[in-house]
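Below is one structure, written out as structure tokens; the observations come after it.
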Amino acid sequence: MDFLEEIFLTQQDIAETIKKLGGEITRDYQGKDLLLVSILKGSIIFLADLMKEIKLNNCEVEFMYVSSYVGTKNSGGKVNVLKDLNTDIKGYDVLIVEDILESGYTLNHVTNMLKSRNPKSLKICTFLDKPQARKVPIEADYVGKVIPDKFVIGYGMDYNEKYRNLPFVGVLDGKYK
Ligand code: IMP
Ligand code: MG
């Protein structure tokens, strides 16, 4: 795999992380009306693995398609909502499921949008967090792994729409960018 500079999280690291997060969410959302809001496309693999570790019957899922990166690896701060939710979230305990929190522009935009629709509660679960890259003050309530400010690919995350299908998280070698 010469296109990788390093493997950051192996499939086993990921499985352990997801189990831990699923356990926390299962504990915290007992008796609540949990609605997972998955942010497409990056969070799809994370969502699929995470929801299997949430041992609750009252758990629903909806999707929002949000794009901030336009092709390349620098987020410009402009967030486009390409597909909004189909349902009314009023009265739900909404948990946003995101692949990675970087500048914070995306989740800042999404949380402001969803807050105005009066959910019972609104929290954020991100698989990865790059706190050193933050541009707006926003934190996630559930974080899988804190990582340094490096551009990662795989496990749903892309570079120019490629590499989402890698089952682990890696750092793309500079000569491929
Ligand atoms: P933010 O708006 O800068 O916080 O970035 C959020 C979005 O940018 C995430 O949902 C990802 O889709 C994408 N993103 C941020 N960092 C990375 C990365 O290292 N690899 C791949 N995508 C990333
Ligand atoms: Mg994303």
Side-chain angles (χ1 to χ4, degrees), residues 1-11 13-15 17-18 21 25 35-51 61-85 89 94-116 122-177:
M1 282 185 282
D2 64 335
F3 61 96
L4 288 175
E5 197 176 286
E6 64 180 301
I7 291 181
F8 220 83
L9 296 173
T10 63
Q11 284 178 268
D13 296 332
I14 294 172
T17 303
I18 305 292
L21 283 176
I25 294 166
L35 175 64
L36 301 173
V37 171
S38 161
I39 309 298
L40 297 172
K41 300 177 205 170
S43 73
I44 51 166
I45 303 184
F46 175 46
L47 171 81
D49 285 347
L50 180 67
M51 62 194 289
V61 60
E62 290 291 339
F63 296 90
M64 249 177 114
Y65 185 3
V66 179
S67 145
S68 58
Y69 271 38
V70 186
T72 64
K73 67 184 198 63
N74 291 310
S75 180
K78 189 171 152 27
V79 179
N80 299 312
V81 178
L82 303 174
K83 182 207 166 293
D84 201 343
L85 296 172
I89 61 168
V94 173
L95 182 60
I96 299 169
V97 177
E98 175 64 308
D99 53 354
I100 184 164
L101 174 53
E102 192 185 46
S103 68
Y105 290 130
T106 305
L107 283 176
N108 191 44
H109 188 85
V110 170
T111 46
N112 286 336
M113 250 178 96
L114 297 187
K115 249 184 229 159
S116 71
L122 181 63
K123 289 192 173 182
I124 297 171
C125 175
T126 187
F127 176 54
L128 300 179
D129 185 10
K130 287 190 214 174
Q132 291 159 357
R134 207 76 88 246
K135 298 266 168 50
V136 287
I138 183 157
E139 295 306 326
D141 301 277
Y142 301 91
V143 175
K145 286 259 185 242
V146 173
I147 65 164
D149 189 8
K150 286 193 175 192
F151 193 81
V152 293
I153 51 164
Y155 198 66
M157 291 169 284
D158 72 307
Y159 175 67
N160 279 347
E161 294 301 324
K162 305 274 187 331
Y163 310 109
R164 292 193 198 272
N165 53 322
L166 293 175
F168 51 80
V169 177
V171 176
L172 190 64
D173 191 281
K175 64 179 180 290
Y176 285 82
K177 290 178 194 164

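Order of appearance sets the numbers: ligands from 1, and atoms from 1 within every ligand.
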Contact check: Met157 vs ligand 1, nitrogen or oxygen atoms, below 3.5 angstrom: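 Checking ligand 1 against Met157, no N or O pair falls under 3.5 Å apart.
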
Val152-ligand 1 polar pair, N/O distance under 3.5 Å: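 N/O-N/O distance under 3.5 Å: yes.
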
Ligand-residue contact atoms, ligand 1 with Glu98, heavy atoms, under 4.0 Å: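 Listed by number with element, the hits are 9 (C), 10 (O).
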
Under 4.0 Å, counting heavy atoms only: does [X] come that close to any atom of ligand 1?
X      : value
Arg134 : no
Gly42  : no
Lys135 : no

Of the listed options Tyr155, Tyr163, Phe8, Phe151, closest to atom 17 (C) of ligand 1 (non-hydrogen atoms): Phe151

Selected option - heavy-atom contact closest to atom 11 (C) of ligand 1, from Ile153, Ile100, Leu172: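 That would be Ile100.
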
Non-neighbouring partners of Lys150 that pass salt bridge (Lys or Arg N to Asp or Glu O under 4.0 Å), sequence neighbours left out: Glu6

Pairing of Asp149 and Arg134 as salt bridge, 4.0 angstrom limit: no

Centroid-centroid under 6.0 Å between Phe3 and Tyr163 rings: yes

Candidate pair Glu161 and Lys41, rule salt bridge (charged side-chain N to carboxylate O under 4.0 Å, His left out), full reasoning: CA-CA 9 Å; Glu161 294 301 324; Lys41 300 177 205 170; 2.9 Å; yes

Pairwise distance CD1(Ile39) to OH(Tyr65) - rounded to 0.5 angstrom: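 Answer for the CD1-OH pair, Ile39 versus Tyr65, is 12.5 Å.
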
Side chain, backbone, both or neither: Asp99 near ligand 1, heavy atoms under 4.0 Å: side chain

Under 3.5 Å side-chain donor-acceptor pair for Asp13 and Thr10: yes

Pair Tyr155-Asp99, side-chain donor/acceptor within less than 3.5 Å: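 Absent: no donor and acceptor within the cut-off.
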
